[in-house]
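The block underneath contains the structure these notes are about, expressed in structure tokens.
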Amino acid sequence: MAFATGMIRRAFSMSTTNQAVKHVTVIGGGLMGAGIAQVAAQTGHNVTVVDVSEDVLKKSKDSIKKSLERVAKKQNPEDEKARANFMTETMSRLSMNTNVEDVAKSTDLVIEAIVENLDIKKKLFSSIDSIAPEHTIFASNTSSIPIKEIASATKRLDRFGGLHFFNPVPVMKLVEVIRTPETSDTTFSTLAEFGKAMGKTTVEAKDTPGFIVNRLLVPYMMEAVRMLERGDASAKDIDTAMKLGAGYPMGPIQLSDYVGLDTCQFIVKGWHEKHPDNPLFNPCPLLDKLVSEGKLGMKSGEGFYKYNKL
Ligand SMILES: CCCCCCCCCCCCCC(=O)CC(=O)SCCNC(=O)CCNC(=O)[C@H](O)C(C)(C)COP(=O)(O)OP(=O)(O)OC[C@H]1O[C@@H](n2cnc3c(N)ncnc32)[C@H](O)[C@@H]1OP(=O)(O)O
Ligand SMILES: NC(=O)C1=CN([C@@H]2O[C@H](COP(=O)(O)OP(=O)(O)OC[C@H]3O[C@@H](n4cnc5c(N)ncnc54)[C@H](O)[C@@H]3O)[C@@H](O)[C@H]2O)C=CC1
């Protein structure tokens, strides 16, 4: 037990900055960007979060602070001073900016975590490709878009890969490191080392649809929503069944709300466009209705379920 506690402490308090990656730019300060930035800062990296408005960045900073407080409490339940130091040190490594060109000028690694839309992601990478230093590595946190297609907007195919984190980033221990046929060995190993320096276990994945986890997880979640749509079982019963019958920490309907229904919709739409003959990826009227009503899941206070506003 003492050993396990020691391991947990090390994972949270580690300050093993990856030598090749000292400054990280995280583009997108939403659910994932905030989590990635938090853990990168926690593990000794200097991090700048870029998003479209000061308001979004303020919310992002607030959510990082809240999450860090949970980590600090777990790390040092009895020591208030250590908790305060941890907060101050971590927050001092974190900055916010709305001007991506300014930040991209001097950074070692860009991790993109913006909306799940190929055109928007390509536009973003194309806008910073000629600005970022030669050595800078670009990575996308996409859930479902081929890395090669995103990378095609740039001239640094050898310095482009995928770093796929899991939600909530401060808790989930895995990072998938994705290489395209053009990703160089140096880029791949730098990304993998960076994932490890963040305290994560890394796995290597090829640039195939859904990589490893989502190739298996997305069809499962889609089947669950189809089951609900057909009226074969209630949301609550589907979730209870998968938690108690299959040992998942969350049921698939609750997990859809946790991921964000807008993100789920982008994934379904993208896969439907690529595989129009697969009925699993057909548009889902129930999902479309919820999104059109602004019910985006936990982050908006309502999705398949209702939540207390954060
Ligand atoms: C046809 C239509 C189809 C529609 C559907 C289409 C679906 C397509 C979707 C595809 C999605 C793909 C997304 C993706 O790319 C990959 C993903 O990330 S998938 C998501 C993976 N994540 C999970 O599966 C999460 C599963 N859930 C859990 O592990 C737990 O429930 C969770 C840890 C979230 C919460 O645990 P719980 O015990 O319920 O709650 P607690 O509040 O007690 O937390 C436990 C523990 O963790 C700490 N903690 C939680 N959140 C944070 C945080 N943000 N920051 C810091 N710490 C956090 C908390 O403090 C607790 O610590 P203790 O020490 O135990 O007190
Ligand atoms: N939500 C999840 O569980 C997971 C999501 N992902 C992927 O991570 C990415 C982000 O997802 P979330 O964080 O959930 O989305 P989100 O909707 O919470 O956040 C996206 C953020 O990107 C910002 N943004 C949009 N366009 C931008 C631009 N051009 N420049 C700067 N900022 C911009 C938005 O303002 C928003 O704050 C997506 O590609 C998603 O597929 C990956 C793993 C898990």
Side-chain angles (χ1 to χ4, degrees), residues 7 10-29 31-50 64 67-68 71 89-90 92-95 100 103-114 121 124-125 128-129 132-143 147-148 150-151 154 156-180 182-207 211-213:
M7 296 262 286
R10 226 176 25 251
F12 284 121
S13 61
M14 205 171 30
S15 198
T16 51
T17 314
N18 179 311
Q19 282 310 295
V21 178
K22 292 193 176 66
H23 182 271
V24 187
T25 300
V26 178
I27 311 182
L31 274 179
M32 294 305 290
I36 296 166
Q38 175 195 327
V39 180
Q42 239 173 271
T43 49
H45 303 86
N46 292 315
V47 184
T48 305
V49 183
V50 177
I64 291 174
S67 178
L68 273 177
V71 174
E89 277 178 24
T90 306
S92 74
R93 286 192 282 269
L94 198 65
S95 59
V100 72
V103 183
K105 268 185 231 157
S106 52
T107 192
D108 302 313
L109 171 65
V110 171
I111 305 176
E112 167 274 310
I114 67 168
K121 287 186 193 286
L124 171 73
F125 277 116
I128 56 170
D129 191 29
E134 200 59 22
H135 76 276
T136 305
I137 294 177
F138 288 178
S140 174
N141 181 54
T142 178
S143 298
I147 300 296
K148 197 179 160 79
I150 306 172
T154 73
R156 57 179 83 211
L157 303 186
D158 57 324
R159 283 150 289 146
F160 206 117
L163 271 181
H164 186 220
F165 291 85
F166 295 83
N167 183 19
V169 183
V171 178
M172 304 299 281
K173 296 182 177 68
L174 186 73
V175 181
E176 291 176 323
V177 185
I178 300 115
R179 65 187 308 163
T180 73
E182 284 78 27
T183 307
S184 72
D185 288 345
T186 310
T187 297
F188 179 79
S189 58
T190 303
L191 290 175
E193 281 309 311
F194 173 72
K196 290 187 186 96
M198 280 181 72
K200 304 296 183 192
T201 296
T202 59
V203 288
E204 173 176 351
K206 284 198 179 151
D207 191 20
F211 318 125
I212 299 174
V213 172

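Note that this is a predicted model, so its numbers are computed, not measured.
Two residues are said to be in side-chain contact when any heavy atoms from C-beta on lie closer than 4.5 Å; M198 and V175 fail this criterion. Under the 4.5 Å side-chain criterion, counting only non-hydrogen atoms from C-beta, V177 is in contact with L163.
S184 is linked by a side-chain hydrogen bond (donor to acceptor under 3.5 Å, both in side chains) to T187, counting only residues two or more places apart in sequence or in another chain. Residues passing the salt bridge (Lys or Arg N to Asp or Glu O under 4.0 Å) test with D129 are R156, sequence neighbours excluded. For F125, the ring-ring contact (aromatic ring centres under 6.0 Å, His included) criterion is met by F138, F160, not counting sequence neighbours. In terms of the side-chain contact (heavy atoms from CB on, under 4.5 Å) criterion, residue partners of L94 (sequence neighbours excluded) are, by chain and number, A37, A41, V47, V49, I64, M91, M96. With sequence neighbours excluded, no residue forms a salt bridge (Lys or Arg N to Asp or Glu O under 4.0 Å) with E176. Legend: residues meeting side-chain hydrogen bond (donor to acceptor under 3.5 Å, both in side chains) with H23, ordered by chain and number and at least two apart, are T48, T107. With sequence neighbours excluded, no residue satisfies side-chain hydrogen bond (donor to acceptor under 3.5 Å, both in side chains) with K206.
Counting only distance, with no hydrogens or angles, the side chain of K200 and the backbone of F165 share no donor-acceptor pair below 3.5 Å. The backbone N or O of N46 sits nowhere less than 3.5 Å from a side-chain atom of K22 that would complete a donor-acceptor pair. Under a 3.5 Å cut-off, the side chain of K148 and the backbone N or O of L157 do not form any donor-acceptor pair. Remark: the backbone N or O of E134 is paired with a side-chain donor or acceptor of R159 at under 3.5 angstrom.
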Start with the C-alpha gap between Q42 and T90, add the side-chain angles, then the distance that decides, and say whether side chain to side chain donor-acceptor pair (under 3.5 Å) holds.
CA-CA 5 Å; Q42 239 173 271; T90 306; over 6 Å; no
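Residue R179 forms a salt bridge (charged side-chain N to carboxylate O under 4.0 Å, His left out) with just one option from D185, D207, D158, and that option is D185.
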